[in-house]
Amino acid sequence: MVDYREILRLDSLKSSQRSIAAAVSSSRHTIRDVLAAAKEKNISWPIDSDITNLELEQILFPDRCRNSCLYVEPDYPYIHRELAKRGVTMTLLWEEYCNKCHSEGCTPYQSTQFGEKYRKWARVTKATMRIQHKPGDAMEVDWAGDTIPVFDPVTGEESAAYLFIAVLPCSCFIYAEACSDMKTENWLLCHVHAYRYFGGVARLLIPDNCKTGVVSNTRYDTILNRSYHELAEHYGTAVVPARVRKPKDKSHAEGSVRFAETWIIAALRNQKFFSIREVKTAVAQKLEELNNRPFKQRTGTRRSAYLEEEKEFMLPLPTSDFEPAVWSAAKVTNDYLVSDGRNKYSVPCNLIGERVDIRVTQNIMEVFYHGSRVTSHLRLQTVQRDPVVKPEHMPPEHRKYLNYNADSFKMWAATVGPMTSKVIQHFLTAGKAPEQGYKTCASLMKLESRYNAERLENACKCILEYSSMPSVRNISSILKNGQDKLLVPKDETNTREANSYGITRGAAYFRKGGKQK
């Protein structure tokens, strides 16, 4: 019998076919046929010691053994493909094999031999990888270590574009996307785009222990980022992070990252990009080439393997895409404002000093207090200097100040009196703009609420009699000291009159107690 084991061993040592033929006492044609069949079946040295030459012959040349064997050899490649499908077991395949043999009048192997022969075939052909992952069972995700340079078209400054990778381990179908950063928002959006690209959802989601996805991953429990948990709930998948410093837990993602670095990043090394949009377009083109590239050790491509073996086992997509939301916590400052990272937005003023939860999506910014939403704002897409403030969030005095304008001050002064109107007019025209006098006008209004309109009018009359430059401080001093109450009306008749002889002593001067000459 031909020594197949020795032929494969000598071939692994780079021996020539002539020397192998001399060593095993076989013809060169036999050596050529054995090596060709081994290459076709993906069989290489070393081979387990319990694999005999007879078993190797049955694997390499099944047609030769079919007539001499009393039993029907199972179709091992078919068994291997079927085992990758959900719910398919060796017992089910053995029963189907037996039914087929009985219908053809042949003798089948018993279940023990059936399983043992398949396992030997799988070990010899290095085919065990295909049965480690069920179709639609998991999606592994990671960031590529290398980046793609992006140049500013004006300044020439260089920045980096980062590559997100998602892979389905069963079919090795890959999704890749270029991003401007690796922050939470892009991390979540890439997952959404990956599910849309695959056309379905895997049962498990296996990420690395990056902070955008996992807050803590210890031997006792796993705490997910709140935004990542919302994404998993929306798509009905379960997040199972890889163990810390255990890249083998997501070996396909690690391998696909290296593969993508070669066929996407390295393949684009000679191109110069001036925007992230250009990078995204180029990466999408290279991704299609990658998924349509034929396998080296098995038939088909990543795309064909996915469509034929895995797509039907993926969970259905929800009716709407997940809207990525980034959660954060903040303490409300004295100006009752919180930030989304770019701009500031108002919250009710009674929450000053409290800690609130902030949920930010692409278009909405929401604030939660003890689990209840207290307000929401349309999110600004550009950075602005002024905050977004709702009037109902302001204290009464701030809200009142917001409504101040020149006409409202003039209308109020007219209700008090003409002297107050003159003072208000002076305040509004003293500066280069009316707004410069709003503060003093508001202070004058507070004096009217503290005292009354009549006293304020008298105080304004007093200040205008001796000064053309009235101030709130002086008017306040008059009211505080009660000087406005001493003002004598002009129409009173007991005013003193002067004559040509000077001051004349009245009758009271000569009454009892007066000074006698």
Side-chain angles (χ1 to χ4, degrees), residues 141-166 174-194 196-197 207-213 225 227-228 231 253-254 256-291 321-328 330 333 335 337-346 358-365 377-389:
V141 294
D142 201 358
W143 291 102
D146 294 339
T147 59
I148 303 174
V150 183
F151 299 90
D152 189 285
V154 178
T155 64
E157 184 180 357
E158 181 179 340
S159 58
Y162 303 89
L163 195 65
F164 171 87
I165 302 293
I174 295 175
Y175 173 76
E177 180 178 352
C179 300
S180 58
D181 56 55
M182 294 190 291
K183 295 182 179 179
T184 301
E185 189 168 359
N186 277 330
W187 170 256
L188 298 176
L189 278 173
C190 287
H191 282 72
V192 174
H193 299 162
R196 190 189 304 163
Y197 182 80
D208 205 345
N209 288 276
C210 55
K211 290 301 181 183
T212 51
N225 182 292
S227 305
Y228 207 41
L231 179 139
E254 298 289 342
S256 297
V257 163
R258 293 191 294 271
F259 205 67
E261 287 176 347
T262 299
W263 295 104
I264 296 181
I265 298 179
L268 297 174
R269 68 189 184 282
N270 295 324
Q271 297 187 32
K272 198 168 185 178
F273 302 100
F274 297 98
S275 68
I276 191 67
R277 184 182 297 274
E278 293 180 4
V279 181
K280 285 180 177 288
T281 302
V283 168
Q285 293 174 353
K286 291 297 180 182
L287 175 64
E288 295 305 310
E289 295 177 8
L290 175 60
N291 282 326
D321 288 342
F322 173 74
E323 186 177 13
V326 179
W327 286 88
S328 61
T333 56
D335 55 3
L337 297 176
V338 293
S339 175
D340 68 341
R342 292 187 303 195
N343 296 286
K344 291 186 176 182
Y345 304 83
S346 66
I358 303 171
R359 183 178 184 268
V360 177
T361 66
Q362 187 173 5
N363 300 311
I364 299 293
M365 186 267 196
H377 296 268
L378 288 175
R379 192 183 182 195
L380 301 176
Q381 301 303 317
T382 58
V383 179
Q384 295 190 11
R385 180 178 180 181
D386 297 329
V388 178
V389 180

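This is a predicted model, so every value here is computed, not measured. Residue numbers count from 1 along this sequence.
- Rounding to the nearest 0.5 angstrom, the gap separating the CG atom in L287 from the CG atom in L163 is 9.0 Å.
- Rounding to the nearest 0.5 angstrom, the gap separating the CG atom in D152 from the CD atom in E158 is 11.5 Å.
- A salt bridge is absent between R258 and E261: the closest approach of a Lys/Arg side-chain nitrogen to an acidic carboxylate oxygen does not fall below 4.0 angstrom.
- For E157, the CD atom sits in a loose shell: 12 or fewer heavy atoms of surrounding residues, nucleotides or ligands are nearer than 6.0 Å.
- Under the 30°/60° scheme for interplanar angles, the aromatic rings of F151 and F274 are found to be tilted.
- Within a 6.0 Å radius of CH2 in W327, other residues, nucleotides and ligands contribute more than 12 heavy atoms.
- Ring-plane geometry between H191 and F164 is classed as tilted, the angle between the planes lying from 30 to 60 degrees on a 0 to 90 degree scale.
- In this structure a side-chain-to-backbone donor-acceptor pair under 3.5 Å is present from N291 to I174.
- Of the residues N363, N343, I364, D340, the one that meets the side-chain contact (heavy atoms from CB on, under 4.5 Å) test with R379 is D340.
- Dense packing is recorded around NZ of K280, with more than 12 heavy atoms of other residues, nucleotides or ligands lying under 6.0 Å away.
- A donor-acceptor pair is defined here as one N or O able to donate and one able to accept, closer than 3.5 Å; such a pair exists between the side chain of Q381 and the backbone of Q362.
- Distance alone, capped at 3.5 Å, is enough to place a donor-acceptor pair between the R269 side chain and the A266 backbone.
- Other residues, nucleotides and ligands contribute more than 12 heavy atoms inside 6.0 Å of the CD atom of Q271.
- With hydrogens and angles disregarded, no donor-acceptor distance shorter than 3.5 Å links the side chain of R359 to the backbone of A325.
- Aromatic ring orientation, Y175 versus Y197: tilted (interplanar angle from 30° to 60°).
- In this structure, D208 contributes its side chain and C210 its backbone to no donor-acceptor pair below 3.5 Å.
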